[in-house]
Amino acid sequence: MSEALQSAEPPVQGNPSDQHQTAHPNLPPVHLDAFEGPLDVLLHLIRSQKLDIFDIPIALITAQYMEIIEGQAALDLEVAGDYLVMASTLMQLKSRLLLPRPQLDDEGNEIDPRQELVAQLIAYEQYRVLAEEMDTLPRAGRDVFVRSIFPESDEVERPLPEADLDALLLAFRSVLKRVGGEVRHQIFTETISVREQMAFVLERLKAGGMQLDELLQGYPGREALVTTVLAILELWRQHLITVVQSECYGSITLLPQTAEDDA
Amino acid sequence: MSLALPLLHQIEALILASDEPLSLQRLRDLTGAETTDIRTAAAEIESFYADRGIRLVQVGGGWQFRTAPEFAEVVQGLWQTRAPKLSRSTLETLAIIAYRQPTTRAEIEALRGVKTSSNIVAGLQERGWIKVVGRKEVPGRPHLFGTTKQFLTDFGLNSLRDLPDSSQLLDEDEIQQIITDNQTEESELKDAEAQTTESSNEVYDDEAEA
Amino acid sequence: MSLALPLLHQIEALILASDEPLSLQRLRDLTGAETTDIRTAAAEIESFYADRGIRLVQVGGGWQFRTAPEFAEVVQGLWQTRAPKLSRSTLETLAIIAYRQPTTRAEIEALRGVKTSSNIVAGLQERGWIKVVGRKEVPGRPHLFGTTKQFLTDFGLNSLRDLPDSSQLLDEDEIQQIITDNQTEESELKDAEAQTTESSNEVYDDEAEA
C-alpha cells in the first residue's frame, strides 16, 4: 500500500539535462522474467512513475534500468543481448544530451536524440495495449464454445469426412504436449514399428493359437524378426496374449486371450 | 416459466457444447441443480424448439440438439460442395489409436484427459479407419483398437512406419518444457497408467528374470 | 415476423449443422433465397437468441451458434482441461501480425525490441491463427505473415475491421508527427501523458485531412 503510494508520486518533470543522477529509491523491486524485453521495462519505469514519455529524463531512467539489469542473478544469454543493447543505447543518449551543441536537422531545427527511442516506445506500447485487449475478446474454446459433433436428424446422411494427415499429426502433437510422466516416457521410447507389429500379431491370433515358428516365418531380415519378437513380448507383458511352452526347448505356442476365454 | 432462466440457459449452452448427448446425471453434476428442475428445464427447452429449425432430442440416454427432420434435404446440401471436417476430438482419438495401437478407450481417455464419447469411436469404425483387434485381459475386458488398411490408404501411408516417430513431432525445447512441467504433476498421472501398464509390468519382469 | 418461417428455420438448421461459420453466399446457394431475406432472417434469429444460452454470432465472415459467454464457467466443466493461457509474447506477436499484416519476423522483433522465438511463430501457425502469405522482396526473402479465417473465428471477429481500436493505431509517420508536435508544444504537454497521446492523435488527423 505505502509502496504503491510512493511510486505514484507527483510526475517527475524531467528535462534533457535532468538533475536526478541516482535511481528512484522507492521503486518496487522487479524481475526481468515479468517483462517482454527492454522496451517493456522502460515503459514500466515511465508509466509507473508517471513520467512524460515525450520528455524522458534519460539520466534517471538509465540509472533505474541499469539497477534492474544488474539486480538479476543470472541473465539468460539469449535475452541478455537485447537488454544489454538497450543499456548501451541509453548510455549513449545520456552522453549525447550532455553535449553543449545539439545536432540540427536540414532545416536548422534541434534534433532531440531521444526521438528514435520515444517512437519505438510509443509504437510498442500500442501493440502491448492491443495485445491485452485481444486477450479479453471472447475466445472460442475458452469463453465461448461451439458444437464439436454434428449429429443431424436421422434423415440426413452425412458424408464421411476426409482424411488429413497434417491435421492428424498436429492432433497427436497436442496430445503429446499435454501428457506427462511415465506415459510420456513410454511414448517417446517406443517405436511405431513395434506397435504396428503388435496389432498385426493380435490380428493373426484372432483365429486361434499359433506356433511361434509359424508366425515368424516369412519375416526376412533380422530387423523384422526382432520387431516381431519385441511385439510378442510386449503383448505378453500387457496380458494381451498368452505364451505357452510345454517343455524346455519345446515349441512355443501363442494364444489369444480372447479365443481361450470365449470358447 | 416455472424455472429460473439461468438454469434453462445453462442447460441449453451445455447441450450445444457437449461432445456427446448429455445425461440427466451429467447435467446434475455440471449445474448442481435438482433432478426435477433439470427435467422441467429440458421439457421447456424441448417445447420451445418444437417448431423451429433446431430440435432438442433424447438419444443414447441424453439430450442433444439436432436439426429438424423436415430440413433434411436442405441440410444435406451443406456437404455437396465440401466434405465435413474431422473434429479435433476425432483427430486426437484417431492419432492415439494409430500411435498406441493396440489400445483401449481407457488409455485414449487417459492421454486426452477427456472422456471420449462412444460416438467418436463408432464414427471412426464406421469410417473404416479403426477396428477392434482384440480384448484386453483386465476387468471388463475392454476392446483393443488398431488402425486398418483403409486408414493407411486414406492417409496416404504405405505402412504405420511412415508416420514420424513421436519424438520427432516435438522439438528439443518442447520436450524439455514438458519434462519440467510434468515433474510437478507426476503423481496425478500415475493413476491413469497404473491401470494400463504397471501391474502387467511387474508380472513381465518376474517372468523375464525367471 | 416479416418472413416466411420456413426460411428462418432452414437457416437455423443449416447454421447448426455446419462445422464452420456459414457465409451469406453459402446460405444463398443452399436456400436459394435473396440476400436481403437471408439478412433479415439472420437478424431475427440473432435477436431471438440474444438472451438465451446459445447465441448466433457473425464470425469469420459467417454465422455460427456459440454458447453465451456468461456460461463459460459451467460449460468449461464439460472438460477436465482448460484452454491454456496465451503468454504475453504470443499475444503481442499475434497482435502485431493482426494489425500490421502482412509482416515479417524482423518487423515483429523490431517493434517488440526482443527476439521472437521461432516457437512462438510456430505455435501461432499450429493453432491456425497465422499463415505465411508471401515473401518480402528484400535480401533473404523473409516470410510475410498474416492472420487466418480461423483467427477471426476463434477471436469472435467477423472481419479484421472488427479488431479493437484498429482505426486508432498509429503508423511510424504518425508517431513521428506526434513526437514533433509534442516537442514544439512542450509547454502544453506537462500534463498527464494519457491526454497527450489522444489529443495529438486528433492533431494528426486534422493535418492528414488538410
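Since the structure is predicted, the reported quantities are computational estimates derived from the model, not experimental observations. By convention in this document, chain letters (A, B, ...) are assigned in the order of the sequence lines, proteins followed by strands, and residues within each chain are numbered from 1.
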Which bit of [X] is near chain A, if near means a heavy-atom gap under 4.5 Å: side chain, backbone, both or neither?
{"X": "C:Glu92", "result": "both"}
{"X": "C:Ala13", "result": "neither"}
{"X": "C:Phe65", "result": "backbone"}
{"X": "C:Ile54", "result": "neither"}
{"X": "C:Ile175", "result": "side chain"}
{"X": "C:Leu163", "result": "side chain"}

Checking A:Ala34 against chain C: side chain, backbone, both or neither under 4.5 Å from a heavy atom?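 The backbone, not the side chain.
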Which region of A:Asp166, side chain (C-beta onward) or backbone (N, CA, C, O), has a non-hydrogen atom less than 4.5 Å from a non-hydrogen atom of chain C, or is it both or neither?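 Looking at A:Asp166, nothing touches chain C.
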Heavy-atom pairs under 4.5 Å with chain A: which of C:Gln76, C:Glu172, C:Arg88 has the most? C:Arg88
Taking every heavy-atom pair that is under 4.5 Å apart, which of C:Gly156, C:Ser89, C:Ser18, C:Ala68 has the most such pairs with chain A? C:Ser89
Under 4.0 Å between a Lys/Arg side-chain N and an Asp/Glu carboxylate O for A:Asp135 and A:Arg142? yes
So does A:Arg47 pair up with A:Glu125, basic N to acidic O under 4.0 Å?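 A salt bridge is present here (some side-chain N lies under 4.0 Å from a carboxylate O).
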Contact summary for C:Ser47 and C:Glu44, nearest pair of heavy atoms: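 Reported closest heavy-atom pair: OG-O, 3.1 Å.
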Could you tell me how the ring of C:Phe155 sits relative to the ring of C:Phe151: parallel (under 30°), tilted (30 to 60°) or perpendicular (over 60°)? tilted
Side chain proximity check, C:Ile11 to C:Trp63, heavy atoms < 4.5 angstrom: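 No; the side chains remain at least 4.5 Å from each other.
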Are more than 12 heavy atoms, taken from residues, nucleotides or ligands other than C:Arg28, located less than 6.0 Å from that residue's CZ atom?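 Buried by this count: over 12 neighbours within 6.0 Å.
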Between A:Leu39, A:Asp143, A:Leu137, A:Leu130, who has the most heavy-atom pairs with chain C when the cutoff is under 4.5 Å?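 Most heavy-atom pairs within the cutoff with chain C belong to A:Leu130.
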Rounded to the nearest 0.5 Å, what's the gap from CZ on C:Arg100 to CG on C:Leu144? Could you check?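 Output value for this atom pair is 12.0 Å.
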For A:Gln126 and C:Leu169, indicate whether the former's side chain and the latter's backbone hold a donor-acceptor pair under 3.5 Å. no
